[in-house]
Amino acid sequence: MVGQTLGPLRFIPGKNRGRYPYCNSVYIEEAGILIDPASDRQILSELRDTHAVREIWLSHWHEDHFRHLDLFEDVPFRISERDHPPLTGIETFLDWYAMENPEYRAFWAAMVRDQFHFRARKPAGFFQDREIIDLGSLTVEVVPTPGHTPGHLAFYFRESRILFMGDYDLTPFGPWYGDLLSDIDQTIESIHRLKAIPAEIRLTGHETGLFSGSVEKLWDDYENVIYERNRKLLNLLASPKTLDEVVSAWIVYGRPREPEAFFEFGERAIMKKHLDRLVKKGRIDQNREKFQIKN
Ligand SMILES: [Zn+2]
């Protein structure tokens, strides 16, 4: 089977280096558990046909992590209770992205249904924060890592010291925290929590996905993306700006990108989080539609 064996685990890289709309999957051989089934439909189909997949675990509710869950309709899956609501129906799913623009909503509804095979499904159970799961020869610690999503989970394989970190993915793009219930400060706390775990190997949901040895510099760069977005925003707000004007500065994505329903939506979502946080912290003023730095 394709993939890379890491002690008791098999790391299955996603198509296109695990870039969205794909992600890297992890398979726990002995227990027949597949984490985040969205890497490569063909490989996952083969895994289903040739190996026993007895349970699916989801790190969080995002579509690029459940894309091929439909291959495993008769297999029980688990997720955190906090991240379960968007999997109960497409309208709730879109609400959780705080998606208000009707055109964007229509684009996303079709995409999530057709490309990501969204089906409302009931989980067999929920993970508890800090739950210790005994799989016989391996012990897995469930690590709550809210911020990206409220119920995002990492999984730490204690004996082999392998940590699967989901979307705390150490990519140059940096963290996403643009959903209705995403939170910048929780994201920072989760980064610190993951950083403190003495893992020898770190696996992530996207891109490189497999890191051994020291990743100190990568962690710093990843966290600094947040502060850099914030710094650029504060510079921009030296003179008053509306949210639309902030969005058109493309601080997150660097330049205008298509489709708008994806990139303009994402830029707006992340900038809104920064603006709300800066207002709350008393760093900027909001006067009607305009935001400006406080002197
Ligand atoms: Zn995600």
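Nothing here was measured: the structure is a model prediction, and the numbers come from that model. The chain is numbered in sequence order, starting from 1. Every number for a ligand or one of its atoms is a count from 1 in the order of the listing.
Between H206 and the options N16, T171, D64, a side chain to side chain donor-acceptor pair (under 3.5 Å) holds for only D64. A side-chain contact (heavy atoms from CB on, under 4.5 Å) with L69 holds for exactly one of R121, R119, H117; it is R121.
At a cut-off of 2.8 Å, D167 is counted among the residues with an N, O or S atom near the Zn ion (ligand 1). Among the atoms of H148, an N, O or S atom falls under 2.8 Å from the Zn ion (ligand 1). Contact annotation: H65 places no N, O or S atom under 2.8 Å from the Zn ion (ligand 1).
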Query raised in the report: After noting the C-alpha distance and the side-chain angles of E131 and R78, does the key distance pass the salt bridge (charged side-chain N to carboxylate O under 4.0 Å, His left out) rule?
Result: CA-CA 13 Å; E131 181 180 353; R78 294 176 76 187; 3.1 Å; yes
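The side-chain tip of R229 points at the ring of F173 from less than 6.0 angstrom away and within 45° of straight on.
The Zn ion (ligand 1) lies closest to atom ND1 when only the N/O/S atoms of H62 are considered.
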